[in-house]
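Just below is one structure, and these are the notes that go with it.
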There are 2 protein chains.
Amino acid sequence: MLTTEQILNSAEDVLRRYGPKKTTVVDIARDLNVSHGTVYRHFKSKSDLHAAITKRWLERVTAPLADIANSELVPAVRLRKWFETLMDIKVKKAIDDPEMFASYSILAQGLPEQVVYEHLEVLIEQIEHILVEGKQSEVFAVDDCAQMAQTLFFATTRYHHPLHVKEWGSATIKEEFNHLFALIEKAIHKQ
Amino acid sequence: MLTTEQILNSAEDVLRRYGPKKTTVVDIARDLNVSHGTVYRHFKSKSDLHAAITKRWLERVTAPLADIANSELVPAVRLRKWFETLMDIKVKKAIDDPEMFASYSILAQGLPEQVVYEHLEVLIEQIEHILVEGKQSEVFAVDDCAQMAQTLFFATTRYHHPLHVKEWGSATIKEEFNHLFALIEKAIHKQ
DNA sequence: CGAATGACAAAATATGATATTTGTCATTTG
DNA sequence: CAAATGACAAATATCATATTTTGTCATTCG
């Protein structure tokens, strides 16, 4: 019996082989030895399938971040580590496997805003969690942690948004990020 | 006798009429009542022409910013006004004349990095100028003004980079920016 | 002689006829 | 009867060919 997971696995394989433009529902069905009609019993449309593929990818990519957000590190260190990891993950994916990174970026482009936005919300909540703990232990002077989390996420857009992947090749990108993070620390650390 | 300026004027007109994909060098030449060979006496290639068109547009768009950077406003106010204006100009252009904005964005995409980068440098220097004066009058506590200017420019990427034009439609975009600017102020204002 | 032309080849792009892909659903299968 | 099939129409993509566009340059123009 065919599961949604199996379809996503095959989809990922086929995507890796053929790229996002050439991959058809029939290709994915063939890979699974079923008719393409069967795939449509699990996904309303190809876009729906794309959304599911992208969602799973986003979740995997950012899995390590949840661990950091919930770690025992002191909030100041944890916050920096969280952002550095976010950046490192993205840059690593983009450099190591550029076709796949491009593939997922292209799929994500074609998605309804909401799918990606929900994912961003999860990340922003993780930042919020760190800020709240920093506020409790009186190292961060933050009024509205949820709002600040969003502000920090958007302030670092250049360093994690796939639209800026081109700029990540720069030799100074990491240094740039360090300067920005220093600014952030100055703004949110107590006194 | 045909001038480079005249060509750019016609190019802009034709671009407005036909859009960036349909505009040909022959169209521009026709608009000027010259042969297209003549256009090539002023520009080495079509890309070169694109670069010139884009450059002029960028300069025009950001002209008001130089005035603000050099104004007599106290640095704290001036800095905020400078960023607000940058944002307002971009958003206004993108909303009022979306086809043209898209046109120039498309042309800019196809350009060598350098052309756009030079323009960004000018803007970052304007920020630096404000920071230097703020430092002199002891309202800003900034170590390296040039570096901080760059940091501020990149921190606000989401609010002025054309790649993010889609996000500018959000009802809360201005509020978001205000939060970010509050963060910046907290970081750079003395004490 | 500097500025512009227009004929030309090479490159890029539009066109449209053909083939594939998407999405549905009545039918089949286990 | 739930799960899968495969035949089908409509929407898209592909590909070979026709047309346009780019870029050059020997020639003309003023």
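Within every chain, numbering begins at 1; the chains are lettered A, B, ... in the order of the sequence lines, protein sequences first and strands thereafter.
Looking at Arg30(A) and Asp27(A), a side-chain N of the basic residue comes within less than 4.0 Å of a carboxylate O on the acidic one, giving a salt bridge. Using a 4.0 Å cut-off between a side-chain N of Lys or Arg and a carboxylate O of Asp or Glu, Lys81(B) and Asp88(B) do not qualify as a salt bridge. Ion pairing of Lys92(A) with Asp96(A) is present here, as a side-chain N (NZ or NE/NH1/NH2) and a carboxylate O approach within less than 4.0 Å.
Nucleotide dT22(D) holds its P atom 14 Å from the CG atom of Asp48(B), rounded to whole Å. Rounded to a whole Å, the CZ atom of Arg41(B) is 16 Å from the P atom of dC29(D). Lys46(B) places its NZ atom 12 Å from the C1' atom of dG23(D), with the value rounded to the nearest Å. In this structure, Leu32(B) places its CG atom 11 Å from P of dA4(C), rounding to the nearest Å. Counting to the nearest Å, the P atom of dA10(C) and the OH atom of Tyr40(B) are 17 Å from each other. Separating the NE2 atom of His42(A) from the C1' atom of dA4(D) is a distance of 9 Å, rounded to the nearest angstrom. Put simply, OH on Tyr18(A) is 17 Å from C1' on dA13(D), counting in whole angstrom units.
Relative ring orientation between Trp57(B) and Tyr104(B) is described as parallel, the plane-to-plane angle staying below 30° on a 0-90° scale split at 30° and 60°. The aromatic rings of Phe177(A) and Phe181(A) are tilted relative to each other, their planes meeting at an angle between 30° and 60°. Under the 30°/60° scheme for interplanar angles, the aromatic rings of His189(B) and Phe140(B) are found to be tilted.
Residues Arg80(B) and Glu185(B) come closest through the heavy atom pair NE-OE2, 4.3 Å.
When the nucleotides dA3(C), dA4(D), dG23(D) are ranked by their closest atom to the side chain of Ser45(B), dG23(D) comes out on top. Side chain of Met1(A), nearest nucleotide from dA3(D), dG23(C), dT22(D): dA3(D).
With hydrogens and angles ignored, the 3.5 Å screen pairs no side-chain donor or acceptor of Glu175(A) with any backbone N or O of Thr172(A).
Residues from residues 19-26 of chain B lying near DNA chain D, meaning a heavy-atom separation below 4.0 Å, are Thr24(B), Val25(B), Val26(B) in numerical order. Residues from residues 5-16 of chain B lying near DNA chain D, meaning a heavy-atom separation below 4.0 Å, are absent.
Side-chain N/O atoms of Thr38(B) include none lying less than 4.0 angstrom from OP1 or OP2 on dA4(C).
For dG23(C), the base has a donor-acceptor partner in the side chain of His36(A) [N/O atoms by modelled type, under 3.5 angstrom].
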